[in-house]
Every structure is written in C-alpha cells, then in structure tokens.
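Reminder, nothing fancy here: chain letters follow the sequence lines and each chain counts from 1.
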Amino acid sequence: IFNLIVMYNYESDAVFFFLDSHKHKDKYKDKEYKHKEHKKDKEREKLKHGNSDHKDMEKKYKEKEKMKHKDGSTDKHKDKHKEKRKEEKFFVCFFLCSPPHVKSEPDDDYHSPKYEKSIKRERDNDYEYEFKPKKIKTENDKKVKKRKQEDEDIKSKKTKGKKGEATDGKKKAKQEPEEKWKWWEEERYTDGVKWKFLEHKGPVFAPPYEPLPSNVKFYYDGKHMKLSKEAEEVATFFSKMLDHEYTTKDIFRKNFFKDWRKEMTSEEKSVITDLNKCNFTEMSEYFKAQSEARKAMTKEQKQKIKEENERILQEYGFCIMDNHKERIANFRIEPPGLFRGRGDHPKMGMLKRRIRPEDIIINCSKDSKYPTPPPGTKWKEVRHDNKVTWLVSWTENIQGSTKYIMLNPSSRIKGEKDWQKYETARRLKKCVDRLRAQYREDWKSKEMRVRQRAVALYFIDKLALRAGNEKEEGETADTVGCCSLRVEHLKLHPENEGQEYVVEFDFLGKDSIRYYNRVPVEKRVFKNLQLFMENKEPDDDLFDRLNTSILNKHLQELMDGLTAKVFRTYNASITLQQQLKELTTADDNIPAKILSYNRANRAVAILCNHQRAPPKTFEKSMQNLQAKIDAKKDQLCDAKRELKSAKADAKVRRDEKSKKAVETKRKAVQRIEEQLMKLEVQATDREENKQIALGTSKLNYLDPRISVAWCKKWGVPIEKIYNKTQREKFAWAIDMADEDYEF
DNA sequence: GAGATCACTTAGGATCCTCGAC
DNA sequence: GTCGAGGATCCTAAGTGATCTC
C-alpha cells in the first residue's frame with residue numbers, strides 16, 4: 001500500500017527509511033511491466049488519499065533529522081522529489097549497522113550473458129573460485145562440534161531432576177496450571193522424534209448450514225427465485241462479502257460464478273447465467289441484521305455463548321503430549337466459504353468446500369484414546385507418526401495444499417524450535433564477518449553463477465529480503481523474493497540524487513506487500529547487476545543461474561544450519577539490540593523507555609518491510625488524542641497559575657496552611673506535567689506506528705531474550721513489552737535471560 | 001537434478017473483547 | 001451503565017526449506 005524508501009547516507013553512516021504513498025502509476029503502465037497492477041494501484045491511491053496528515057509529522061521529523069545529520073542529505077533527496085511526493089511523506093530515521101564501504105575497483109572481467117553462456121559448461125566445472133572443500137570440511141567439523149557443544153550447554157542448563165517426567169510417554173495427565181512446566185530445563189528428543197505420547201479429541205467441525213428463513217429472498221433478473229440448499233449456501237458466502245471490495249473484482253466474480261454453478265441444480269444452471277443479474281441484497285441485509293442482533297444480545301445471552309465456547313475449548317483445545325496438557329492452536333476446521341487470496345490472486349472467489357470427517361487424517365499415539373468421528377462418519381485415516389508435530393491434517397481444494405492442526409506457540413514443541421532458531425542466528429553472528437568477506441570476494445568471480453549467488457546474498461543480508469522460492473505461474477499472485485527477482489523489478493541509476501550506483505527496487509513481496517527501495521550499492525554490485533540484466537527481457541529472471549535451493553546448499557556449506565531466512569532473524573535481532581543500546585537513556589522514565597523500545601522495534605519492522613494498512617479510525621483517534629493533549633495543556637496552565645498565586649499568598653501569610661497549599665499545588669503541577677508527557681509520548685508513538693506492524697517482528701524475528709534483558713536492566717516491567725500471550729510464548733526466554741544477555 | 005510434496009514458520013486482516021472515558 | 005477505541009486473539013494465506021520421487 002505504501003512505498004518503503006530506504007536511503008543510505010555514506011558520510012553519516014545513516015539509513016533513512018521513508019514510508020511514502022506517492023504513485024508509481026507510470027511504472028505500472030509501462031508496457032514492459034507484464035503483470036499489470038493499475039487496478040491495485042488505483043485502490044492503493046484511494047487508500048492513500050484518505051491519509052493526508054503526514055505533513056505535520058514531516059515537520060517534526062525534519063527537525064530531528066537536521067539535528068542528527070548535518071550533511072543535509074535527506075533534504076537534497078526531498079527537494080528533488082518534492083513535486084513527485086508533495087502529497088505526503090512520513091518517515092522515521094534510524095542508524096543501522098555499519099554500511100559496506102564503497103571501494104573503487106577496476107571494471108575487469110565483465111562479460112555479457114551470451115558470452116557467459118558459451119563458456120558456461122566449462123566454467124561450471126571450474127572450482128577455482130569456489131569454497132575450498134578441504135577447508136569446508138575442517139570448518140564444518142568444527143561447526144558440528146560447536147553445535148554439539150551448544151546443545152550440551154543448553155542441556156547442562158537444564159536440571160536433571162525432572163528427567164523422568166517428559167521422556168517415556170504414558171498418559172499421566174498432570175494437573176498442570178498450578179506450576180508452569182519449564183520444558184527448557186529438560187532433556188530434548190533427538191533423531192527427529194517429536195513426541196512419545198499424543199492424545200487429543202480431534203477437530204471441531206464448522207456448524208452445518210442453516211437454510212435462510214423463507215422471507216429472505218434471492219432475485220434473479222428482478223424475479224424471486226428459490227434456490228436449492230446447496231446453491232443457497234454458496235450464495236450466502238457471496239452475499240456476506242457484498243460490502244467487500246473483493247466482490248467488485250472481475251476474477252473474484254468469475255471464479256465465484258463458475259464454482260457456484262457447480263453447486264446448482266440443472267434447472268438453476270439453466271436460469272442463472274449472469275452474475276450481474278443476481279440480487280443478493282436481501283440476504284446481505286439479513287446477515288447484517290443478524291450481526292447487529294448478536295451485538296445487541298443481553299449480558300446473559302453473551303455469557304451463555306462464552307461459556308459454550310469455553311466448554312468447547314476445554315474439550316477440544318488441549319491435548320496430552322508426553323505427560324503434559326498442551327494448548328492446541330487451531331482446533332477448529334476452516335469453515336466453507338469463498339477463497340480470499342491476497343493481492344491479484346488468480347483463484348480468489350473460488351469455493352472453499354466444506355471439510356468432512358472423511359477428509360481428515362488424525363495423528364496420535366497408538367496407545368492413546370483415538371478421537372471419535374461424528375456419529376455415522378469415519379476418518380480418512382488414523383496414523384501414528386511421531387516424527388511430525390501435527391495432530392490433524394486435511395487437503396484443501398483451492399491449491400491442493402495440506403492444512404494442519406498444531407500446537408500453540410506456548411507449547412514445548414514450538415518453543416524449543418523457536419529457541420533453536422535464535423541459537424542458529426547467534427551462530428551466524430559469530431561468522432557473519434567471514435561470510436560477508438566471502439561474498440564480496442565472490443563478486444569478482446569468473447563464474448557467473450558464483451557472482452549471482454554473491455550479489456543475491458548481499459541483498460538478503462543487507463536488505464533483509466526473503467529467499468524467493470519459485471512459484472507456479474497462474475496458481476498464486478505474482479510475488480517475488482530475492483532469488484526470483486526479475487529484470488523489471490530493478491532500475492539501475494549510475495547517479496541518483498547525488499549518490500552513485502543506486503538500485504531502485506520495486507516489486508510485490510509476500511502477501512503482495514510492495515517493496516520499494518532506492519539503495520546505493522557498491523560499484524561491483526552495480527556492475528554485476530548491469531551484467532545480469534544485459535540482453536534480457538523485463539520478465540527474465542535477474543539471477544538466471546540461481547535458485548533458493550542452490551543458495552541454501554551454498555549457505556549450508558558455510559555454516560551448519562544456515563539458510564537464507566537465518567539472515568533475516570540475525571539482522572532483525574542484532575538491529576534491535578543495537579538500537580536499544582543507542583536509544584535507551586538511563587534518566588528516562590518508563591514511558592520514554594518504552595517509546596525507545598518501540599522505536600527500536602520499529603527499525604526492525606521497517607527493515608523487514610512489515611507494513612499494515614492504517615487503522616480505519618486512525619485520523620479520528622489522533623484527533624481525540626490531540627484534543628486530550630490540548631486540554632491537558634490548558635489544565636497545566638491553570639495549575640501553574642494557581643501555584644503562582646498560592647506562592648504569593650504564602651509569601652504574605654507566612655503560615656503553615658498556606659505553605660501546605662503551595663506544596664499541594666506544586667504536586668498537582670507535577671502530576672499534570674507527567675500526564676501531559678505521557679500523552680505526548682503516546683501520540684508520537686502512535687503516529688510513528690501508523691503504517692508499520694510491530695507485532696510480526698516481535699513475534700517472529702526478535703530474540704525475546706534481548707527484550708527480557710533490556711527490561712531487567714532498565715527496570716521496565718515485562719508486561720509493558722509483552723502481553724499475556726506473548727509472555728506465554730516467550731516463557732523460556734523470560735525465565736532464562738538475565739540483564740547481561742547478549743544476542 | 002527437477003519437480004512435487006510435506007511440514008513447518010511467517011504474515012496481515014478480521015473479529016472479539018476489555019478497559020477507560022463519559 | 002454505555003460506548004467506542006484499540007489491543008488481543010483468531011483465522012488462514014503465503015511463505016521457507018527439507019525430503020521424496022521419478
């Protein structure tokens with residue numbers, strides 16, 4: 001929805017992040033841009049025009065920026081693009097880790113792809129520039145040993161007293177909650193075994209379809225038409241989405257209509273031939289009224305529903321895994337409906353069919369009490385595979401992919417994996433300098449594939465790009481990651497706004513979130529990119545000799561367990577740690593420290609391109625907050641005035657009573673000042689957070705021990721950083737990290 | 001070695017629910 | 001006690017990467 005612009009200033013070692021919603025319509029209209037986006041852009045524009053409050057923020061930050069960067073580089077940037085981006089601009093400025101230094105190097109050894117192709121075979125066998133196998137072996141041995149050592153370290157941290165509990169799996173359902181189970185103090189399974197005992201009640205199915213009351217009618221071509229139960233159910237799916245933009249999209253309508261017709265009787269099929277003649281309004285109104293009625297229910301009715309939900313949760317929401325009662329994440333089967341793909345998904349609107357017990361595979365222990373299927377039905381299969389973590393699986397009909405029911409993030413099985421993930425990222429920290437030196441060396445390689453690999457790795461490392469697996473064309477939205485970038489996603493600027501060798505990225509990443517970034521790169525990278533793009537069509541792959549499998553194989557050789565995504569975890573966590581060090585001031589009070597934390601978190605979210613649509617109520621809530629601030633300011637003025645007069649009074653009277661009055665007034669002023677500051681901090685935080693989602697990085701990329709250590713060091717209650725669910729997920733980190741923890 | 005499959009993590013939007021203001 | 005904002009939770013799509021199959 002918004003463009004992310006990242007600018008790097010060499011002199012100040014600063015990275016500037018801009019969130020900018022200006023149009024790139026021209027680019028999208030470009031003939032070469034095959035996968036057209038104008039519709040989406042128009043929608044984005046619509047969204048964008050609803051948010052025009054950035055100017056004030058811009059002013060605020062401009063001042064901060066001036067203080068931080070005397071070279072005025074961002075001003076230059078701004079001036080040049082003032083016209084383009086005159087609508088609005090919101091930005092946050094951060095200092096990140098030291099940038100690569102630009103060296104001027106001779107333009108040697110550059111060949112066109114054609115030339116490269118002609119010598120490809122020869123060169124593919126030429127390992128002169130490859131990682132030396134002998135070295136790898138010794139290094140890898142060391143790494144393996146190191147890893148084993150890490151495992152030992154982790155094990156030695158664990159108390160052995162509880163050993164008997166978790167291992168041999170017979171059901172002895174422990175009366176849990178009283179004392180939280182510290183799984184991180186126990187032995188881990190090896191050899192891919194995930195559990196020894198697993199018992200659960202199976203999934204909760206979607207409620208059966210309830211036909212519409214007879215007064216709720218469907219009209220075709222202006223005439224009432226009674227639909228069969230099957231056709232009616234699918235029609236209700238569409239009617240429930242009538243207010244959603246989806247139903248205006250051609251692909252959505254086309255897919256829906258095609259699948260809907262499959263559910264119709266032959267008679268219905270012969271009559272209903274045009275979706276535009278269908279009138280779902282009464283259905284839509286009915287569901288809206290139902291929704292309102294639900295909201296208007298009495299307390300007792302709501303309580304009853306709550307109790308019923310709680311009963312279901314207690315019955316189906318937990319399993320017994322190795323003597324412990326563990327919470328299940330998603331024990332409800334996805335109800336039928338219309339598929340809502342993200343971005344320009346070719347399958348949006350298709351019918352997601354109802355999942356029946358006959359579609360379900362149950363996974364549990366042989367010696368457990370198997371879940372019973374609903375009366376008159378049976379499971380597709382009951383299996384006992386303890387090398388996987390899922391409890392239930394089924395195949396969905398849209399993409400043909402498998403869906404799973406798994407455990408909650410607070411469970412042992414998920415927690416261990418999470419912990420391990422951060423340990424791998426910490427191992428990368430120890431060797432990242434070597435890896436960086438290596439890929440820089442590889443930019444000069446005579447082998448095209450090695451150069452491509454090295455440039456891709458540089459992007460993954462520096463820009464936190466995702467790996468970019470290949471995708472089946474026509475099956476999903478056209479999104480890319482690093483390895484799947486196409487020529488059309490990059491523009492090369494030998495000179496741009498006073499900076500040399502600028503690469504302009506513009507592509508849709510995961511969830512069709514736009515990644516827009518103009519970044520200066522090293523000369524060698526730039527020259528290599530020119531070479532990779534030479535004689536290619538816009539829709540050709542940028543890295544034609546690379547895919548994620550090749551890249552990960554290479555990474556595996558450099559460090560045991562290293563894959564492309566480890567870089568994202570590593571760079572996110574290290575950025576948080578650095579930012580916290582830089583931004584936290586000992587003298588700050590708790591709200592100011594929390595603001596610093598959120599800013600550090602925000603730096604990571606921007607690095608990882610975690611965007612969100614601004615909340616619909618954003619403008620209003622900001623106005624409300626501003627009104628509160630204004631009122632508080634008035635209150636402060638009054639309080640100060642009263643203090644002044646109390647002081648004057650005390651001076652004249654010189655008695656205890658008036659002295660006391662001065663003291664009371666002074667305290668009132670102090671209190672109001674604190675309240676005002678709190679409100680102002682809140683406003684700043686909210687404004688800066690408008691289009692950035694902090695949750696994703698907090699939950700998935702930031703080693704929680706960094707946050708825990710920071711909280712302990714600065715006396716910030718952990719509840720201020722992590723909510724209840726997050727504390728449950730990160731219980732292991734909260735328990736084990738002390739204030740000296742270093743990522 | 002390429003493609004398919006499987007098992008998982010990561011992701012943003014929708015919906016629910018709580019808490020503070022009035 | 002009511003209302004609404006916003007945080008918490010739910011939902012499920014969309015990635016990554018290992019392994020299997022041919």
Side-chain angles (χ1 to χ4, degrees), chain A residues 1 192 194 241 244 246 291 294-295 299 302 305-306 309 313 317 329-335 337 339-343 345 347-348 352 361 363 385 387-390 393 395-396 398-409 413-414 417-418 421 466-472 475-477 479-484 508-513 547-553 555-556 561-566 568-569 572 605 608-613 615-618 620-625 627-628 631 682 686 689 691-701 722-726 728:
Chain A
I1 297 165
K194 302 286 167 51
M241 292 177 75
H244 205 288
Y246 271 117
S291 163
R294 259 198 306 277
K295 278 182 208 159
K299 235 181 181 178
K302 280 181 183 169
I305 292 172
K306 207 176 165 186
N309 281 336
L313 172 73
N330 55 326
F331 55 89
R332 287 174 200 273
I333 298 283
E334 295 170 20
F339 176 72
R340 305 178 178 209
R342 293 171 194 160
H345 201 293
K347 296 192 172 185
M348 65 165 79
K352 239 177 79 164
I361 301 174
N363 193 30
D385 183 356
K387 297 268 170 82
V388 298
T389 66
W390 55 266
S393 78
T395 305
E396 55 90 33
I398 305 288
Q399 328 253 26
S401 65
T402 316
K403 299 261 185 171
Y404 303 96
I405 289 182
M406 289 183 189
L407 294 194
N408 187 270
I413 219 160
K414 294 286 182 192
K417 204 75 190 296
D418 212 33
K421 174 180 79 187
R466 293 187 186 85
N469 280 328
E470 281 146 287
K471 296 167 78 188
E472 219 176 312
E475 288 293 299
T476 54
T479 61
V480 295
C482 186
C483 294
S484 50
L508 298 179
K510 183 176 179 180
D511 293 324
S512 292
I513 297 290
N547 60 38
T548 52
S549 163
I550 295 171
L551 180 67
N552 283 334
K553 225 170 256 174
L555 292 174
Q556 191 63 40
L562 183 62
T563 61
K565 87 184 185 90
V566 178
R568 242 167 111 81
T569 312
C608 295
N609 199 34
H610 291 146
Q611 298 183 42
R612 64 165 185 171
K616 283 166 197 156
T617 52
F618 186 84
K620 204 181 157 198
S621 79
M622 278 314 285
Q623 276 169 11
N624 290 347
L625 193 54
K628 270 189 202 171
Q682 198 184 345
R686 197 182 293 174
N689 239 17
Q691 293 141 247
I692 299 164
L694 298 188
T696 310
S697 50
K698 199 188 251 187
L699 234 45
N700 301 301
Y701 289 105
Y722 290 137
N723 65 32
K724 187 171 149 272
T725 315
Q726 291 163 341
E728 279 167 9

Between S697(A) and W390(A), name the one whose nearest nucleotide on DNA chain B is closer to the 5' end.
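Result: W390(A).
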Ranking K414(A) and N547(A) by the position along DNA chain B of their nearest nucleotide, the one closer to 5' is N547(A)
Could you tell me the separation between the [atom1] atom of [X] and the [atom2] atom of [N], rounded to a whole number of Å?
| X | N | atom1 | atom2 | answer |
| --- | --- | --- | --- | --- |
| L699(A) | dG7(C) | CG | P | 16 Å |
| I692(A) | dG12(B) | CD1 | P | 12 Å |
| Q726(A) | dG7(C) | CD | P | 12 Å |
| L694(A) | dA11(B) | CG | P | 13 Å |
| E396(A) | dT12(C) | CD | C1' | 10 Å |
| E472(A) | dA2(B) | CD | P | 17 Å |
| Y404(A) | dC6(B) | OH | P | 7 Å |
| E475(A) | dG3(B) | CD | C1' | 14 Å |

When we call it a touch if two heavy atoms are under 4.0 Å apart, what does [X] touch: a base, just sugar-phosphate, or nothing?
| X | result |
| --- | --- |
| K347(A) | nothing |
| K295(A) | nothing |
| S549(A) | nothing |
| P335(A) | sugar-phosphate |

Examine the side chains of R568(A) and Y701(A) and answer whether a donor and an acceptor come within less than 3.5 Å of each other.
yes
Check the side chains of T548(A) and N469(A) for a donor-acceptor pair under 3.5 angstrom, ignoring hydrogens and angles.
yes
Would one find a side-chain N or O of [X] under 4.0 angstrom from OP1 or OP2 of [N]?
| X | N | result |
| --- | --- | --- |
| T389(A) | dC8(B) | yes |
| K387(A) | dA7(B) | no |
| Y701(A) | dA11(B) | yes |

Between [options], which nucleotide gets closest to the side-chain atoms of [X]?
| X | options | result |
| --- | --- | --- |
| H244(A) | dC6(B), dT9(B), dA14(B) | dA14(B) |
| N723(A) | dA13(C), dC8(B), dA8(C) | dA8(C) |
| M406(A) | dA11(B), dA13(C), dA7(B) | dA7(B) |

Less than 4.5 Å apart, side chain to side chain, heavy atoms only: is that true for [X] and [Y]?
| X | Y | value |
| --- | --- | --- |
| N408(A) | K414(A) | no |
| T476(A) | Q399(A) | yes |
| K352(A) | I398(A) | yes |

Using a 6.0 Å cut-off, check whether atom NZ of K553(A) has over 12 heavy atoms from anything other than its own residue.
no
Does K403(A) come within less than 4.0 Å of E334(A), counting only side-chain N to carboxylate O?
yes
So that I can tick it off, tell me whether E475(A) and K471(A) are bridged by a salt bridge, with the cut-off set at under 4.0 angstrom between side-chain N and carboxylate O.
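Salt bridge flag = no for E475(A) with K471(A).
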Parallel, tilted or perpendicular: which describes the rings of F339(A) and H345(A), with under 30° parallel and over 60° perpendicular?
perpendicular
Mark up nucleotides 16-22 of chain B, 5' to 3', with B wherever a protein heavy atom is under 4.0 angstrom from a base atom, S wherever such an atom reaches only the sugar-phosphate, and - elsewhere.
--S----
Protein-proximity profile, nucleotides 14-22 of chain C, B/S/- by nucleotide at the 4.0 Å heavy-atom cutoff, equals BSBBS----
Ignoring hydrogens and angles, tell me if any N or O in the side chain of K421(A) forms a donor-acceptor pair with the backbone of N700(A) under 3.5 Å.
yes
